[in-house]
Amino acid sequence: MEPSSTSADSLARQDGDEYDEIRMRVAPNPNGPWHIGHARMPAVIGTYKEMYDGWFCVRFDDTDPETKRPDLDAYDQIIEDIEYLGFDPDAVYRASDRMETYYDHARDLIEKGGAYTCSCPQGDFSDMKNSGEACPHRDKDAETTLSEFEAMVDGEYDSGEMVLRVRTDIEHKNPALRDWVAFRMIDTPHPREEASEYRCWPMLDFQSGVDDHLLDVTHIIRGIDLQDSAKRQRFVYDYFGWEYPEVLHWGHVQIDAFDVKMSTSTIKQLIDEGELDGWDDPRAPTVAAFRRRGIRGEAITDAMVELGTSTSDVDLAMSAVYSHNRDLIDDDANRYFFVRESGDNGDFGTVELPLAGDAPGEGTPPVHPEHEDRGRRSLPVDDAVVIESADLPEAGEKLWLKGYGPVEYDGSELRYTDDDIEVVREGEADVVHWVPAGEETVSVRLRTPEGDVTGYAEPAFAGTDADEMVQFVRVGFARVDGHGDDESVTYFAHE
RNA sequence: GCUCCGUUGGUGUAGUCCGGCCAAUCAUUUCGGCCUUUCGAGCCGAUGACCUGGGUUCAAAUCCCAGACGGAGCACCA
């Protein structure tokens, strides 16, 4: 599997020879578990690491204890999600552990004349900046700045009272680059115990820029929303005489198949309101939900890598993920019949039909059509079967009960016939799945992205193990979540 | 308002830097056929795209100009 897109691919390929080691980072904000869009970064970076025998770390950029407040559980969940996608980070860092490093670099920057403390109200500065005017603090000397910065570090200001700005070019034609904020005061303590005493926090552009250099990152991938970051950070790099890594910006990913908006805060809210059962609710577009549905991380990774690294926004078709996953699981997934009786969404129903004629006492479909050595299932038939209402033919028409045989519907009963499989070839009979009536069928709940579906599976289904992948014939692939006293619970993967 | 960036079939992508081998690659989707007591898979086939207009050139998806459309930034968020 190769990443297919030009820029990053050729970038890394060309540079593969120029660097001793390709070094990259995944830099998430741990403000919640991941939605599926987050999988793109580790998928692509991890794949590059494998292609070029490179290195990558996870660095939690958790420098905003307030607006993007970290979720303490998310740190570990994100690492688990990355492992599920198929990659092991070579190192894990937390920006909130590295505060003294950022302070030290800020002091250096101040001494080099690259920064000044500023107490302008936000709006006032913005107005001046937009008209290209320096604020009164801009020509402050390094000594004053240094002492005011130390006061910031010591927490002597409240939120909003003082910031440290990088001295860039106040007349730069791009207003986004003019004298941006490197450090600000935040009154809310960081949720991590180890970092809870800090009040003076670096902004992303400063923290991330310093870390990328200190970690010897050679290649950065990030979203187009950060396309000005490199330009901002270059001012700091220039003050320090550092060389900026190769950088690439890609667009947003949208997923075509979910009603739920793909945003951490939206999903969190739906969970809090009880609309979703949790982060792994199959209706949620989260990594955890995909995992519970039995979609292999590798399938997600492959689909993400195929998206490439275009700077325009892309739509990820779920069918691409599903297609990859089918390839991965089909061989292992044994077949079972499951008739759907009712669902939250969808028009399901079952019908029980007596058998007539010289009907056999058992159906014996293969466990897996490609693997005769796995044997055949046994569906003991007494005197009636249950099929899905949608499969009920017109009176006088025929059906082929899969793994059992040909029957003709007379309006009330299914009469076993001696038809040859020819009737199927000729299109006279549809092949349908079924379960025996009155026998030991298994009550099954199938949890899907469109809501739950309940019905009955054939007796042999009771012998499946939790976590096993099965294919409900003509319904789709599912992961067995567990067998309870009242019902078995399964999660729908895809058709 | 200022500043960036992008635009190849339904979706994603290759090709664009270094114009010709591109009547445009591969995957997915959809549809059809084959195979299989006929699910899925597999095999075969079909449908389907270079944003528009100019220009340069023997030759343009590829270079130049203009326009349209779309996205992003101008936060004491990441």
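Convention: sequence-line order gives letters A, B, ...; per-chain numbering from 1.
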Fill in the blank from the handout: Whether each nucleotide of nucleotides 71-78 of chain B has a protein heavy atom under 4.0 Å at its base (B), only at its sugar-phosphate (S) or at neither (-) is summarised, 5' to 3', as BBBBSBBB

Exercise for the section: Produce a footprint string for nucleotides 40-50 of chain B: one letter per nucleotide, 5' end first; B if the base is under 4.0 Å from any protein heavy atom, S if only the sugar-phosphate is, - if neither. Expected result: BS---------

Completion exercise
The complete set of ring pair (Phe, Tyr, Trp, His ring centres under 6.0 Å) pairs with one or both residues in residues 302-323 of chain A, sequence neighbours excluded, reads Y322(A)-H494(A)

Exercise for the section: If a pair satisfies salt bridge (charged side-chain N to carboxylate O under 4.0 Å, His left out) and one of its residues is in residues 155-172 of chain A, list it, with sequence neighbours excluded. Expected result: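 The answer is none; no pair qualifies.
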
Practice task
Sequence neighbours left out, what pairs pass salt bridge (charged side-chain N to carboxylate O under 4.0 Å, His left out) with at least one residue falling in residues 114-132 of chain A?
Solution key: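 Pairs touching residues 114-132 of chain A that pass the test: none.
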
Practice task
With sequence neighbours excluded, tell me which residues meet side-chain hydrogen bond (donor to acceptor under 3.5 Å, both in side chains) with D419(A).
Solution key: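 For D419(A), the residues satisfying side-chain hydrogen bond (donor to acceptor under 3.5 Å, both in side chains) (neighbours in sequence not counted) are K398(A), T417(A).
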
Among all residues two or more places apart in sequence or in another chain, which pass the salt bridge (charged side-chain N to carboxylate O under 4.0 Å, His left out) test with [X]?
X	answer
R374(A)	none
D71(A)	none
R192(A)	D97(A), E194(A)

Completion exercise
With both pairing distances under 3.5 angstrom for Watson-Crick or G-U wobble, and | for a partner in another strand, the correct string for RNA chain B is (((((((..(((.......[.....))).(((((.......)))))....(((((..]....))))))))))))....

Exercise for the section: Sequence neighbours left out, what passes side chain to side chain contact (heavy atoms under 4.5 Å, CB included) with R107(A)? Give chain and number order. Expected result: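 Only Y103(A), D104(A), L146(A), F149(A), E150(A), V153(A) meet the side chain to side chain contact (heavy atoms under 4.5 Å, CB included) criterion with R107(A).
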
Exercise for the section: Write down the distance between CH2 (W250(A)) and P (rG12(B)), rounded to a whole number of angstrom. Expected result: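 Checked: the CH2 to P distance equals 16 Å.
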
Nucleotides 9-11 of chain B: which of its N/O atoms have a protein N/O under 3.5 Å away?
from    : atom 1 : to      : atom 2 : distance (Å)
rU11(B) : O2'    : D315(A) : O      : 3.1

